[in-house]
Amino acid sequence: MKRTHYSTQITPGMDKGTVTITGWVHEIRDLGGIAFLVVRDREGLAQVTLFKKAMEQEVLDTVKGLSRESVVSVTGTIQKMAQAPNGYEVIPKGITVLSHAASPLPMDTTGKVDADLDTRLDARFMDTRRPRTQAIFRIRHIVLRCIREFLSKDGFVEITTPKVVATATEGGTALFPITYFEREAFLNQSPQLFKQLMMSGGLDRVYEIAPIFRAEEHDTRRHLNEASSIDIEASFIDQKDVMAILENLVNHVYNEVAEIGAKYLETLGVELEIPELPFKRITYDKAINIAGANGEDLEWGDDLSTEAEHIIGKNVGEHYFIVDWPTKIKPFYAMPYEDKPELCKAFDMMHPRMELSSGAQRVHNYDLLKTRIEEQGLNPDGFEFYLNAFRYGMPPHSGWGLGTERLLMTMLGIENIREVVLFPRDRRRLSP
RNA sequence: GUCCGGAUAGUGUAGUGGCCUAUCAUGAGGGCCUGUCGAGCCCCCGACCCGGGUUCAAAUCCCGGUCCGGACGCCA
């Protein structure tokens with residue numbers, strides 16, 4: 001039962017060697033006197049060939065009783081064979097059925113018949129057996145791993161902040177209320193306040209990759225109610241510095257995926273276009289002018305509409321930053337320019353299709369922060385745990401949050417955000 | 001939340017009033033076949049989302065519901 005090799009670790013050069021492979025019955029092709037059993041594991045496919053005359057009856061009986069997607073262990077001899085896929089086949093000595101799969105299957109795993117996304121998500125355990133779906137999640141792993149490597153190398157300390165929080169007073173998006181013993185609590189919408197606390201806390205540079213929860217009833221291909229956010233916060237640097245970190249990170253991730261994930265990109269039929277450095281910078285003023293010149297009129301101080309994002313994205317054609325936003329449409333913690341306080345040191349990082357990230361230099365002055373909270377129509381009393389950290393030595397600092405799913409879907413040209421999350425949570429789906 | 005579109009075998013589909021005892025593929029069951037690789041061939045099984053209405057006649061038209069897709073809105 002114990003595997004000696006993944007399917008792709010076996011080579012024709014191992015001719016006559018004995019191996020044990022494990023996996024799922026992908027297909028059985030019975031030609032009469034000869035039969036082919038294709039076993040699929042995480043890495044690929046292996047062909048097991050049965051010459052019926054030369055095979056023990058026990059092995060033949062086992063194969064006869066096999067259903068597609070059953071889990072098997074096959075021990076046999078490697079046969080170098082030019083006609084076989086991968087140049088080798090396994091001549092079995094013994095086949096063990098570890099788990100018998102019922103039929104009919106909830107969906108096809110071989111690529112012969114499509115399934116709707118909804119069907120696939122209902123049967124996600126089977127959907128991820130498909131090479132295509134598996135490729136997406138293997139790339140997701142590469143992305144997350146190399147982000148951790150990149151930030152760690154750059155001096156960032158990985159932290160974990162609470163997802164269960166007490167107050168709904170952070171403003172903006174709607175929160176999911178939950179019951180916390182005898183009190184009401186909420187699922188956190190962002191690690192923003194906590195990562196800032198750690199600037200006062202002296203960690204200097206922190207990052208977190210964790211779920212965020214938004215109770216908005218948005219129902220689009222680029223929104224989720226539970227998403228994964230990549231957040232950084234760093235002291236003694238400004239918004240321009242963290243923008244440089246962000247664009248370098250994105251460029252690095254693309255390069256790593258192109259190299260390490262080449263096999264999976266091929267499975268997906270994706271030719272990665274690596275975004276060039278530096279990303280273009282356009283001001284908010286220029287952004288609304290571009291939108292206006294193309295028929296989407298916005299008042300100064302409006303947030304960008306979906307249509308405006310598309311127009312500007314098409315106009316720019318590659319990753320870009322929008323900088324110098326009106327202070328009033330950015331959160332209270334974005335730092336206003338000293339000489340022009342109606343603008344702030346906030347930025348959005350955009351892919352032509354959608355927003356990927358937003359960030360800013362933060363307000364680190366207690367009085368200004370308190371004023372800004374009030375100006376945004378919020379009550380500073382609800383922010384005591386947060387504001388307190390600004391009273392006893394808070395360094396200037398900056399940071400951003402980057403949507404993992406949006407990074408992935410734009411990278412891979414995937415239309416629906418649900419494709420890049422194993423078990424997406426949206427307006428309707430809560431299971432599995 | 002608003003608007004638009006949709007729901008037919010396990011899966012993906014064709015079918016816009018009678019020719020539907022519902023198409024095709026895949027799949028399941030059975031059979032033939034010693035080099036398949038989306039194997040091939042033969043037989044067979046399996047479906048009109050739910051409720052109401054119109055009509056001589058409804059998968060098809062109308063109304064309500066449920067579910068799904070898309071756009072927009074909402075969105076640190």
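Computed from heavy atoms alone, side chains included, the values below leave out hydrogens, waters and symmetry copies. In what follows, chains are A, B, ... by sequence order, proteins preceding strands, each numbered from 1. Here the structure is a predicted model, which is why all the values come from computation and not from measurement.
Around NZ of A/Lys163, the count of heavy atoms belonging to other residues, nucleotides or ligands within 6.0 Å exceeds 12. Heavy atoms from other residues, nucleotides or ligands lying under 6.0 Å from CD of A/Glu158 number more than 12. By the neighbour-count criterion of 12 heavy atoms within 6.0 Å, atom OH of A/Tyr180 is sparsely surrounded, having that number or fewer from other residues, nucleotides or ligands. In A/Glu374, the CD atom is crowded: over 12 heavy atoms of neighbouring residues, nucleotides or ligands sit closer than 6.0 Å. Counting heavy atoms of neighbouring residues, nucleotides and ligands inside a 6.0 Å radius, atom NZ of A/Lys263 exceeds 12 of them.
When heavy atoms are screened at a 4.0 angstrom cut-off, A/His26 is found touching no nucleic acid atom at all. Among the heavy atoms of the strands, none lies under 4.0 Å from A/Lys330.
Contact of A/Ser358 with B/A76 (side chain to base): no donor-acceptor pair of N or O atoms is detected under 3.5 Å. Contact annotation: side chain of A/Gln83 to base of B/U36, donor-acceptor pair absent below 3.5 Å. For B/A76, the base has a donor-acceptor partner in the side chain of A/Gln189 [N/O atoms by modelled type, under 3.5 angstrom].
For A/Trp325 and B/A76, the CH2 to C1' distance is 12 Å, given to the nearest whole Å. Rounded to an integer number of Å, the gap from A/Ile417 CD1 to B/A71 P is 12 Å. Summarising the geometry, the separation between CG on A/Leu105 and C1' on B/A9 is reported as 15 Å, rounded to the nearest angstrom. Across the protein-nucleic acid pair, A/Asp426 atom CG and B/C68 atom P stand 8 Å apart, rounded to whole Å. Atom pair A/Asp30:CG and B/C37:C1' shows a separation of 15 Å (rounding to whole Å applied). If you take CD of A/Gln47 and C1' of B/U36, they are 7 Å apart, rounded to a whole angstrom. Rounded to a whole Å, the CG atom of A/Asp116 is 15 Å from the P atom of B/G10. The nearest whole Å value for the distance from the CE atom in A/Met81 to the C1' atom in B/U34 is 12 Å.
A donor-acceptor pair shorter than 3.5 Å can be found between the side chains of A/Ser229 and A/Asp231. Residues A/Thr8 and A/Glu43 bring no donor and acceptor atom of their side chains to less than 3.5 Å of each other. At a cut-off of 3.5 Å, with distance as the only test, a side-chain donor of A/Ser305 or A/Glu296 sits close to an acceptor on the other residue.
For B/U34, there is no paired nucleotide, since no Watson-Crick or G-U wobble pair has both relevant distances below 3.5 Å. The partner of B/A47, taking Watson-Crick or G-U wobble pairs whose two distances both stay under 3.5 Å, does not exist in any strand shown. Across the strands present, B/C3 finds its partner in B/G70; the criterion is a Watson-Crick or G-U wobble pair with both atom distances under 3.5 angstrom. Using the Watson-Crick or G-U wobble rule with both distances under 3.5 Å, B/U21 pairs with nothing in any strand shown. In this entry B/G10 has B/U26 as its Watson-Crick or G-U wobble partner, both defining distances falling under 3.5 Å. Nucleotide B/C61 forms a Watson-Crick or G-U wobble pair with B/G53, both donor-acceptor distances falling under 3.5 Å.
Less than 4.0 Å separates RNA chain B from at least one heavy atom of each of the following residues of residues 297-309 of chain A: A/Ser305, A/Thr306. A heavy atom closer than 4.0 Å to some atom of RNA chain B occurs in A/Ala84, A/Pro85, A/Glu89, these being the qualifying members of residues 84-97 of chain A.
For A/Asp118, the listed nucleotide lying nearest its side chain is B/C68; candidates were B/C68, B/U11, B/A28. In the set B/G1, B/A76, B/C75, B/A76 carries the atom at the smallest distance from any side-chain atom of A/Tyr333. Nearest to the side chain of A/Phe51, among B/C75, B/U34, B/G12, sits B/U34. With B/U11, B/G27, B/A76 as the candidates, the nucleotide lying closest to the side chain of A/Pro104 is B/G27. Nearest nucleotide to the A/Thr220 side chain, out of B/G38, B/G35, B/C72: B/C72. Considering only the side chain of A/Arg221, B/G70 comes nearest among B/G70, B/C75, B/G35. Closest to the side chain of A/Arg68, from the set B/A76, B/G27, B/U34, is B/G27. Of the candidates B/C75, B/C33, B/U11, the closest approach to any side-chain atom of A/Arg214 belongs to B/C75.
B/A14 and B/A7 have their P atoms separated by 9 Å, given to the nearest Å. The separation of B/A71 from B/A76, taken at their C1' atoms, amounts to 25 Å, rounded to a whole angstrom. With C1' as the reference atom, B/U21 and B/G15 are 16 Å apart, rounded to whole Å. Distance noted for atom C1' between B/C48 and B/G17: 15 Å (whole Å). B/G18 sits 13 Å from B/A59 when the C1' atoms are compared, rounded to a whole Å. Comparing the C1' positions of B/A22 and B/C62 gives a spacing of 23 Å, expressed to the nearest Å. For the P atoms, the distance from B/G64 to B/U23 is 32 Å, rounded to whole Å. Across B/U16 and B/G6, the matching C1' atoms stand 14 Å from one another, rounded to whole Å.
A/Ile95 and A/Thr62 make their closest contact through O-CG2, 3.7 Å (heavy atoms, listed as atom of the first residue, atom of the second, distance).
For A/Arg428, a side-chain nitrogen or oxygen approaches OP1 or OP2 of B/C68 to under 4.0 Å. Taking only side-chain nitrogens and oxygens, A/Arg222 comes nearer than 4.0 Å to OP1 or OP2 of B/C72. The phosphate of B/G70 (OP1 or OP2) has a side-chain N or O of A/Asn416 nearer than 4.0 angstrom. In this structure, A/Ser103 does not reach the B/G10 phosphate: none of its side-chain N or O atoms is under 4.0 Å from OP1 or OP2. Checking the phosphate oxygens (OP1, OP2) of B/G27, a side-chain nitrogen or oxygen of A/Lys112 falls inside 4.0 Å.
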Using the ring pair (Phe, Tyr, Trp, His ring centres under 6.0 Å) rule, take A/Phe194 and A/Phe385 through it: C-alpha gap first, then chi angles, then the decisive distance, then the call. CA-CA 10 Å; A/Phe194 294 99; A/Phe385 80 99; 5.8 Å; yes

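Projected onto RNA chain B by closest heavy-atom contact, A/Asp114 and A/Arg406 fall at different nucleotides, the more 5' of which corresponds to A/Asp114. In this structure, A/Val38 and A/Lys52 both approach RNA chain B, and ranking their closest nucleotides by distance from the 5' end singles out A/Lys52.
Taking the six-membered ring for Trp and the full ring otherwise, A/Phe213 and A/Phe176 have centroids separated by 6.0 Å or more.
With A/Ile322 as the partner, the side chain to side chain contact (heavy atoms under 4.5 Å, CB included) test is satisfied by one option alone out of A/Leu304, A/Thr283, A/Val316: A/Leu304. Here the rule is side chain to side chain contact (heavy atoms under 4.5 Å, CB included) with A/Ile312, and of A/Asn289, A/Ile290, A/Asn294, A/Ile288 only A/Ile290 fits it.
Aromatic ring orientation, A/Trp300 versus A/Tyr284: perpendicular (interplanar angle above 60°, classes split at 30° and 60°).
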